[in-house]
Amino acid sequence: NRKAARAAAVELLDQVGLPDPAGTARAYPHQLSGGQRQRVVLALALANDPALLVCDEPTTALDVTVQALVLDLIVRGVLDRAAAMLFITHDLAVVATACERVLVMYGGRIVEAGPTRQVFTRPRHRYTQGLLGASDLAVVDERGRLATIPGSVPAAGRFPAGCVFRNRCEHATEQCRVRPDWTVTGEDSGFACYHPAPATTARAEGIDD
Ligand code: SF4
């Protein structure tokens, strides 16, 4: 009934850390800040105890402090319910913080997969390597600029045949005109690349356990 639904809503708003859950339950969206609205959405998403929570760029519009708070709430909310979480994001710091396993996609294809620590410290696919290199503050040019991946992402439907990363890859050869097979590197990991980075090459910057 309505009374039970309202009580449940207030309890959920309390669980996601909103300071005045009863007041928030009566508020209009424009009366809440961006971070508060994000927490309301998280409460909505958790309301039916989902087995899987799909989060598509859930913290992108938030400032770093609020982002860390919301991220922590999401992870805790998921852990409390013994649920699984699929995070879709371009933010590598968020992946390192929140995810156990990562799938790297380019041009609509999974190009590398594995445990987060392994992929972040020993990327094999050349796109993963470029992506991580472009966020590595330890590797900047003489003007202090981060490394970049050459070229730009083709428009949808204009990706090259064979390896989708071929027209931006410094390691591309004739062989790459044919789509590479998936190379299995472990129970839960692998990549699709003809000329991968050596397995022994570890990035200097690691991530916390
Ligand atoms: S398959 Fe070839 S083009 Fe694709 S990432 Fe590997 S080396 Fe580069």
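Computed from a predicted model, the values in this text were never measured in an experiment. All ligand and atom numbering here is 1-based and tracks the order in the structure.
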Numbering as shown, the atoms of ligand 1 that approach Arg166 to under 4.0 Å (heavy-atom distance): 3 (S)
So, Asp80 and Arg76, do they make that salt bridge, N to O below 4.0 Å? no
How far is atom 2 (Fe) of ligand 1 from its nearest protein heavy atom, and which residue and atom is that? Cys176 SG, 2.3 Å
Contact between ligand 1 and Tyr194 is defined here as a heavy atom of the residue under 4.0 Å from a ligand atom; is it met? yes
Tell me, yes or no, whether the heavy-atom count around Arg179 atom CZ, taken from other residues, nucleotides or ligands under 6.0 Å, exceeds 12. no
Would you say the ring centroid of Phe165 lies under 6.0 angstrom from that of Phe159? no
Distance in Å, Gln129 CD paired with Glu170 CD, rounded so as to fall on 0.5 Å steps: 9.5 Å
Ring-plane angle category for Tyr127 and His125, please: parallel below 30°, perpendicular beyond 60°, tilted otherwise. perpendicular
So, 2.8 Å as the limit: is an N/O/S atom of His171 located closer than that to atom 4 (Fe) of ligand 1? no
Interatomic spacing from NE2 in His195 to CZ in Arg124 - rounded to 0.5 Å: 13.0 Å
With heavy atoms of His125 as the reference, note each atom of ligand 1 found under 4.0 Å away. 5 (S)
Would you say atom 6 (Fe) of ligand 1 has Cys193 as a near neighbour, meaning an N/O/S atom of that residue under 2.8 Å away? yes
Supply the atom-to-atom distance Asp72 CG to Gln67 CD, rounded to the nearest 0.5 angstrom. 12.0 Å
Nearest protein heavy atom with distance in Å, relative to atom 4 (Fe) of ligand 1: Cys163 SG, 2.3 Å
Which atoms of ligand 1 have any heavy atom of Arg126 under 4.0 Å away? 5 (S)
Cys169, portion touching ligand 1 at heavy-atom distance under 4.0 Å: side chain
